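So the structure is just underneath, and the comments pick up after that.
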Amino acid sequence: MTTVYTYPEQSVTANVVPSDLQFKRNGLSQIVTEDTGTPSNTRPLPVLNYDSSGVEIDFATEATLQTLGTEATLSTASSTLTSILAKQTYAPRAKSRIAFASTNVTSGAWVELLSDVGATAIKRVQVFMSQGNALELGFGAAAAEVSQMFIFPGGNEVFEMDIPAGTRLSVRAVSSTASTGELLVNLLG
Amino acid sequence: MGRRTILKAFQVLDDADSTTLPEGPETDVSGLDFVTYTISVDSSVSAVAGVYVSRSDDKDGAYFSLDFGSPLSLNGAVDTDYIIKIENHGFKWMKINIDSSAGTGNISAWVSGNARGA
């Protein structure tokens with residue numbers, strides 16, 4: 001190479017036309033081409049992918065996919081989608097009624113509402129209570145009940161709630177005894 | 001009408017150490033349309049050249065530096081051959097100097113010229 005300086009300063013106008021991108025395909029020059037009409041005539045530019053250590057990534061192996069987290073991500077997404085879809089429709093699994101006039105519910109002992117919700121986990125609960133004193137709902141075997149939530153006075157509610165299969169349900173009063181009205185519960189899952 | 005002639009190439013710089021900032025001799029370029037300096041440098045040279053011209057008939061008249069738009073860098077690490085092409089806009093005398101040098105090494109320069117039709 002030789003460097004050339006010119007006086008006066010040369011003003012050069014050039015029309016630059018981009019040339020087609022080429023690569024060697026099987027030793028022969030090949031223009032990079034995309035043919036949307038006949039896709040088999042498409043000649044994309046070969047591309048290799050390398051990790052941060054300069055090692056080529058082989059996307060074809062399951063190990064590579066796992067390393068990249070793709071399979072795990074898809075699995076998680078699939079589980080999430082399955083879970084969401086499962087929540088869309090529920091079947092009735094159990095129901096229970098307590099008539100407070102005949103079965104008073106005090107703040108002392110737990111009163112069994114349902115001995116077992118059944119073999120299917122419960123996802124949705126419908127509650128109707130026609131008396132004015134709050135109750136609390138408990139899970140667990142007799143003498144081992146654990147309070148989970150309140151049932152509001154006059155409550156008429158539908159809510160999502162996970163209740164494991166086989167769970168025993170009980171109620172007791174928060175303060176005042178429930179001696180009139182009734183409690184109706186539908187369990188869906 | 002200026003004289004039609006060709007200035008045969010002759011050496012104007014032959015410097016064994018560019019740090020001495022050598023100056024070339026004044027060259028009569030009157031009548032020439034184009035003047036060319038051909039320069040060869042060692043790879044260790046890092047210098048900047050300057051071309052000085054005068055429109056005076058007197059060889060020792062006032063000279064001024066030609067503006068090439070960028071410094072006439074002689075960087076031996078980039079190129080060891082340089083060509084300076086000058087269109088003669090009425091200049092009568094011309095010389096090439098080494099204006100600055102941060103490197104060492106040999107700088108050699110030759111000047112030649114020609115006129116249109118000659």
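Everything numeric here is computed off the predicted structure, so don't read it as measured data. Chain letters run A, B, ... following the sequence lines, proteins first, then strands; residues in each count from 1.
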Starting from Phe100(A), can I reach Phe128(A) by hopping between I/L/V/M/F/W/Y residues whose side chains sit under 4.5 Å apart? no
Side-chain heavy atoms nearer than 4.5 Å, only ILVMFWY residues, links allowed to pass through others: does that put Trp93(B) and Phe10(B) together? no
So OG1 of Thr2(A) and CG of Asp79(B): to nearest 0.5 Å the spacing works out to 6.0 Å
Tell me, out of Val51(B), Val35(B), Ile86(B), Leu66(B), who's got the most heavy-atom pairs with chain A below 4.5 Å. Leu66(B)
Answer with yes or no whether the hydrophobic clustering places Val45(B) together with Val12(B); edges join I, L, V, M, F, W, Y residues whose side-chain heavy atoms lie under 4.5 Å apart. yes
Indicate yes or no: at least one non-hydrogen side-chain atom of Pro8(A) is less than 4.5 angstrom from one of His89(B). yes
Trp110(A)-Phe139(A) co-clustered via ILVMFWY side chain contacts under 4.5 Å: no
Please classify the contact of Thr36(B) with chain A as side chain, backbone, both or neither, using a heavy-atom distance under 4.5 Å. neither
State the OH-CZ distance between Tyr7(A) and Phe91(B), to the nearest 0.5 angstrom. 4.0 Å
Heavy atoms from other residues, nucleotides or ligands near CZ of Phe150(A) exceed 12 (cutoff 6.0 Å): no
Shortest non-hydrogen contact between Tyr5(A) and Leu72(B), atoms and distance: CG-CD2, 3.3 Å
Per-residue contact mode, Asp67(B) against chain A (heavy atom under 4.5 angstrom): backbone
Identify whether Val146(A) and Met161(A) are in the same connected component of the hydrophobic contact network (ILVMFWY, side-chain heavy atoms under 4.5 Å). no
